[in-house]
**Q** 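Structure in C-alpha cells, see below.
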There are 2 protein chains.
Amino acid sequence: MDVNLRQIRAFLAVVGLGGFTRAAGALNISQPALTIRIRQLEDQIGLRLFDRNTRSVQLTRVGQELLPVFQRLMKDFDGAMADIREFSEEPRGTIRVAVLPSFAAGPLPALIADFRARNPRVSFVLKDAVGKRVLAMVRNEEVDFGIGVGGVDEPDLDTIDVFEDRMVLVYPRGHAAGELPLASVPVISQFPLVLMDKDTSVRRLVDEAFAAAGSIATPACEATYMSTAVSMVRAGLGLAILPASAIEIRGFADIATRPIDDAGFVRRIVIIKRRGSSLLPAVEEFTKVLLAAANSCATPSAPCLDVEVQDGGAEALAMGVQGQ
Amino acid sequence: MDVNLRQIRAFLAVVGLGGFTRAAGALNISQPALTIRIRQLEDQIGLRLFDRNTRSVQLTRVGQELLPVFQRLMKDFDGAMADIREFSEEPRGTIRVAVLPSFAAGPLPALIADFRARNPRVSFVLKDAVGKRVLAMVRNEEVDFGIGVGGVDEPDLDTIDVFEDRMVLVYPRGHAAGELPLASVPVISQFPLVLMDKDTSVRRLVDEAFAAAGSIATPACEATYMSTAVSMVRAGLGLAILPASAIEIRGFADIATRPIDDAGFVRRIVIIKRRGSSLLPAVEEFTKVLLAAANSCATPSAPCLDVEVQDGGAEALAMGVQGQ
DNA sequence: TGCATTAATAAACTGCACTTATCAATGCAA
DNA sequence: TTGCATTGATAAGTGCAGTTTATTAATGCA
C-alpha cells in the first residue's frame, strides 16, 4: 500500500471542491489525470471513496470516515514542512563558537548582540580559548566554528581570513612616541616596553617581528592580561604593543595608539571550520556577518569592527550568550 | 517545496543504516537512485542533511534537528495507513438497517449477534418499519440498506433476493390440520382462521393468495401482532397463517406448523440498497452473511436461518444493537 | 428533444525516476 | 608508498508512470 501525498491532496481537493473537473483545475492537472489518481488511491487502500456519476460526486461512508484522517495527515505534514522551511529561512538554533580571548573580549560581543537583535531565535555559546584549544574544539565538534589566528594548515580544517589584526603601539597621550616620524622596531626599542607574557600569542608575534627586524624585544615590564599592560602604560612604565582589536586599549582619554611601521606586526584572524562539514544556516549567516563587518572598512582595523549595538542588545546578550 | 514521502523514507533509511549503499539495498533501489532522492530532498528544503564523502555519511546539525521531525511524520503517516488498512480488513463502524418487523423479530437478531461476535467493532442500528418506510429510509440514507419484501422496482434502488419467506399454517399440536394430506386453500378454509390485521403485509399476501385460489380469506379472529395470533392458535381459536420466518411461532411445544400447498403463499425477502452507492465494508460483509445464511439451506425456511448464537452473543447484542 | 455539463475512457506523448556502467576519493594493508 | 576494496557521485540510456488531448457516455435541464 504505497499511498502518496499527491493522492491524498487529490482526495481532499475533490472533497473540498465537490467535483473532479474543478478539483483538477485547482491541482493544475487535467481531469483524466485526477480521475486516475483517485482511482489509484481507492485501489491502494481497497476502498471506494466517492460514489460518482457524471452528475454528482459524493463521499461514500468510508470516505466520510477517512476524510478527517486524511485532513489531519495533510495538516501535520504541511505543518512540519512549514517548520522545516523556517529552518532555512529564519536562522535559529545555537551557535557554538571558540574564540581567542582577545577577540572574545573585543569586537565579538557587539557583533553577537547585533546579530541576535536581528535573529532572536539564535543563541550563542562562546568558549574563549587559546589558539591550540580553538583548533581542538573545532575538530572535536565541541563548537561549530572557531575564530583564531591564521597560519593553520591542517588537512581537516578550513580557514577563512576575516581581517588583519595589526599590532599597535600604545603610549600615553602626549608621549614622545606620538611625535615620531616613524614607529619602527629600532625606534620603538629605544623606549621601555610593556610586553605581554611569554605564553601569549601576542608576545610570540612581537618577539618574531622583532627578530625579523634584527632586534630582540626587551620588556621593561611584562603582563599577562592586556588590561594590566594598559594600566602600566597609563602609569608611564613604558609603551605596549597590543592588537588593534583589543578592547582594553580603548576608552581611555590618556592613551593613544599608532600602527607600527614594520611588516610582521600583524596577525591574520581567521574563521576555522571543519572541512566538508555543513553548518547550521544560522552559523553560515553569522560568519557572513563577521566577514561583512571586517570588510566594511577599507583598512581593517579594530574600530571598524565596532558595531552599533541596538537597543536591547545588552539584554539579548545577557540572555543568549553563555560564558564558557 | 514538494517534499515526498519516498524522499523522507530515503532520508530515514540512510540515517538508520548509516550509508547510501546499504540504505539503497533496504529500499530496493539502486544506490544512484538514492543519491538523487536525497539530493532532491536537500534541494527542496534548501538544507544539506548529510555531510558525505566516499568514506563516511554523517548527519549535519540541520539533519540532526530535522530527524525527529521526519521520524514523527512517518510514524504518523504509517499509523494512519494502518488505521485505513484496518478499515478494509476488519469490518468496523455502524450498520444502520431498516427491517420489516417480522424479520427484525425473527432471524435477524441471531444473525446480528453472530456477526458481532466475530466483528466486535461493528455496531448496529436497527429500525423496524413497514415496507414503504423501509424503502423511504433507504432512499433518504437514514439507513445503509433495508430488508423488505420483493417486487420493488424503483430506478434508484437495487434489490437482492435473500430468501423466500413461505407462509405456514400454524395449528395446535394434535389438531386435525396436521393430519391433512394436503394443506391447500380450499382445505384450510374449512377451519376457523386467525388472520393478521388488514394493514399488515402478511394479511395482504394471504388475501391475495386466497383470491388467486378463487377463495376469500375469512377470519374467525384478527390480530395485529403475531404473538397474539399465536396465542389465539394455542387457545384453540383457529389456525393461523404466518411467515415461516416469524420467531413468534417457535418455541412452543403445543403448536406445530406446515407449509401451505399453494403458490402465492410466499414472499421474497430482499435486501434493498441505493443504486450506485457504496457501503461500508462492514455492511457488505453483513449482507454476505445474510445471503450465506439464507443459501445455507436447500429449501430456505425459517429454521434454516437460525444461527448458533455464540457465548456472549446476547450481551453483545444488548450492547451493540439499539432499537429504533 | 436538444443542449450543456461532467466523469470515464482511449491513445499518444513526455519526462522523470530508475538502472547499468563508470569514475573518483578514501581508507587499509602489505 | 602502492595496490586493493569500498563507497558515493556522475553519465548515459531506458522504461514506465503520469499527463494531455480527444472522445464517449450519462445525466440534468430548458
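Reminder, nothing fancy here: chain letters follow the sequence lines and each chain counts from 1.
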**Q** Please identify each residue that fulfils side-chain hydrogen bond (donor to acceptor under 3.5 Å, both in side chains) with B:Asp51, with sequence neighbours left out.
**A**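 With sequence neighbours excluded, B:Asp51 shows a side-chain hydrogen bond (donor to acceptor under 3.5 Å, both in side chains) to A:Ser278, given in chain and number order.
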
**Q** Look at the side chain of B:Glu42 and the backbone N and O of B:Leu49, then say whether any donor-acceptor pair between them is shorter than 3.5 Å.
**A**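 Flag set: sc B:Glu42 to bb B:Leu49 pair under 3.5 Å.
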
**Q** With a 3.5 Å cut-off and no angle check, do the side chains of A:Thr35 and A:Gln31 form a donor-acceptor pair?
**A**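 A:Gln31 and A:Thr35 do have a side-chain donor-acceptor pair below 3.5 Å.
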
**Q** Atom CD1 of B:Ile36 and atom C1' of C:dC16: how far apart are they, to the nearest Å?
**A**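 Checked: the CD1 to C1' distance equals 10 Å.
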
**Q** Using modelled atom types and a 3.5 Å cut-off, is there a donor and acceptor pairing between side-chain atoms of B:Glu65 and backbone atoms of B:Val62?
**A**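 Absent.
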
**Q** Rounded to whole angstroms, how far apart are CD1 on A:Ile38 and C1' on C:dT6?
**A**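 Rounded to whole Å, this separation is 15 Å.
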
**Q** So if I take residues 5-24 of chain B and measure heavy-atom distances to DNA chain D, which residues fall below 4.0 Å?
**A**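 Close to the strand are B:Gly19, B:Phe20, B:Thr21, B:Arg22.
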
**Q** For B:Ser30 and C:dT19, is the shortest distance between a side-chain N/O and OP1 or OP2 below 4.0 Å?
**A**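 Indeed, a polar side-chain atom of B:Ser30 lies that close.
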
**Q** Can a side chain N or O of A:Arg37 be found less than 4.0 Å away from OP1 or OP2 on D:dG18?
**A**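 For D:dG18, neither OP1 nor OP2 has a side-chain N or O of A:Arg37 closer than 4.0 Å.
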
**Q** Name the residue closer to the 5' end of DNA chain C, choosing between B:Gln40 and A:Ser56 according to the nucleotide with the nearest heavy atom.
**A**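 Upstream on the strand: A:Ser56.
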
**Q** Within the structure provided, determine whether A:Ile271 and A:Leu290 are in side-chain contact (heavy-atom separation under 4.5 Å).
**A**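 Sidechains of A:Leu290 and A:Ile271: in contact.
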
**Q** Are the aromatic ring centres of B:Phe70 and B:Phe77 under 6.0 angstrom apart?
**A**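 Aromatic pair excluded; centres sit 6.0 Å or further apart.
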
**Q** Report yes or no: does A:Arg274 contribute a side-chain atom to a donor-acceptor pair with the main-chain N or O of A:Val138 at less than 3.5 Å?
**A**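 Present.
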
**Q** What's the CG-P distance between A:Asn53 and D:dG28, to the nearest Å?
**A**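 Between P of D:dG28 and CG of A:Asn53: 7 Å.
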
**Q** What's the closest nucleotide to the side chain of A:Ala33 if the choices are D:dA9, D:dT19, C:dT19?
**A**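 When the side chain of A:Ala33 is considered, D:dT19 is the closest of D:dA9, D:dT19, C:dT19.
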
**Q** So, is A:Thr35 near the phosphate of C:dA8, with a side-chain N or O under 4.0 Å from OP1 or OP2?
**A**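 Indeed, a polar side-chain atom of A:Thr35 lies that close.
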
**Q** Please determine, for the side chain of A:Pro32, which listed nucleotide (D:dT19, C:dA10, D:dG8) has the closest atom?
**A**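 Looking only at side-chain atoms, A:Pro32 lies closest to C:dA10.
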
**Q** Base, sugar-phosphate, or nothing: which does B:Leu34 touch, judged by heavy atoms less than 4.0 Å apart?
**A**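 If one applies the 4.0 Å heavy-atom cut-off, B:Leu34 turns out to touch nothing in the nucleic acid.
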
**Q** Would you tell me if any nitrogen or oxygen in the side chain of B:Arg52 comes within less than 4.0 Å of OP1 or OP2 on C:dA25?
**A**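 For B:Arg52, the contact criterion (side-chain N or O under 4.0 Å from OP1 or OP2 of C:dA25) is not met.
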
